[in-house]
Amino acid sequence: MLRKEFDAQIIRPDKKGSLTYIRIPFDAAKEFHSRGRIKVEGTINGFSFRSSLIPKGNGVYILPIDKKMQKEIGLVDSDVLHVIMKPDSVYTGSEVHTGIEKIEACNIDVLSAIRERRSIRKFSDKEIDEKVLNTILEAGLCAPSAKNKRPWHFIVIREKEALNSLSRKDSNHKPIAEAACCIVVCGDKNVQGMNEFLYEDCAASIQNILLASYGLGVGTVWCGLHTGSDSYKFLVEKLQLPVKIVPIAAIALGYPAENRGSEDRFDLVKIHSEKW
Ligand SMILES: Cc1cc2nc3c(=O)[nH]c(=O)nc-3n(C[C@H](O)[C@H](O)[C@H](O)COP(=O)(O)O)c2cc1C
């Protein structure tokens with residue numbers, strides 16, 4: 001994996017309006033096998049960042065540290081920064097992960113899954129094994145997103161006490177108490193700056209999770225989270241979410257203990273041709 005770890009001195013030019021930056025102590029184009037714009041991600045003093053390097057010629061690159069980043073990092077305390085940096089995986093493709101077991105295929109075709117899936121609110125005691133859960137999470141990670149930013153994070157809650165507490169925060173979230181686990185889908189505001197896209201991207205990943213679960217025989221219900229609601233506040237605190245991360249939905253998962261038939265939802269009234 002292309003990953004660099006180094007300490008760098010912060011440089012604050014005297015001129016007003018000039019960039020505050022750090023100088024990259026290696027030729028980033030060479031080290032990251034990059035051509036053109038070099039997009040990087042990583043952490044500075046433990047805080048995550050995603051940015052582009054600015055070329056200064058002769059293999060020299062700088063990383064601008066904007067005001068927001070300076071505040072997050074707490075530059076007042078420390079002028080030497082510890083940096084972990086690698087090429088931005090959004091642009092270079094994912095890293096290769098080995099040893100993560102997943103299910104290769106299921107017996108249901110995509111159209112049947114879309115038509116038959118229903119929300120399940122009663123679950124049996126059966127646990128969901130890691131292989132099945134990994135496959136479901138992978139489905140979430142495969143969703144489309146604006147500019148391929150993939151701003152989602154998935155937090156799996158399995159602890160019974162936490163599931164019980166969460167379910168009690170909202171009368172619509174009772175099924176979470178019975179669930180084998182819950183996936184809290186969160187969005188990173190720094191990665192997808194436009195709020196609409198952040199929610200749309202995460203909704204696409206949620207739907208993938210629901211459909212993949214159905215295909216694997218796992219029941220789900222999408223539990224919506226209102227900003228500022230008791231559930232929302234509980235999750236921010238319990239999951240120790242950084243300010244840039246917003247919880248968007250909680251999906252309860254478990255093997256179904258109810259049988260809900262499919263509904264024919266084809267509705268010509270909703271379909272328009274050429275104009276309203
Ligand atoms: C944004 C959103 C929020 C939802 N929130 C809840 C919820 O809090 N509790 C719940 O039981 N179901 C919730 N649902 C599930 C809907 O009630 C369900 O999808 C709808 O009634 C259609 O039923 P079906 O999923 O069986 O097709 C939510 C669904 C969406 C898309």
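Both counts, for ligands and for their atoms, begin at 1 and track the order of listing.
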Ion pair E41/R50, N-O distance below 4.0 Å
yes
For I84, the other hydrophobic cluster members (4.5 Å side-chain criterion, sorted by chain and number) are none
If the criterion is any heavy atom closer than 4.0 Å to an atom of ligand 1, which residues make the list?
R117, R118, S119, R121, N172, H173, V221, W222, C223, G224, R260, R265
Does NZ or CZ of K4 lie under 6.0 Å from the centre of the six-membered ring of F26, at an angle within 45° of the ring axis?
yes
Provide the full list of side-chain hydrogen bond (donor to acceptor under 3.5 Å, both in side chains) pairs with a residue in residues 191-214, sequence neighbours left out, each pair given once.
E116-Y214, Q192-D201
Between E161 and R168, is there a side-chain N and carboxylate O pair less than 4.0 Å apart?
no
With sequence neighbours left out, what residues match H33 under ring-ring contact (aromatic ring centres under 6.0 Å, His included)?
none
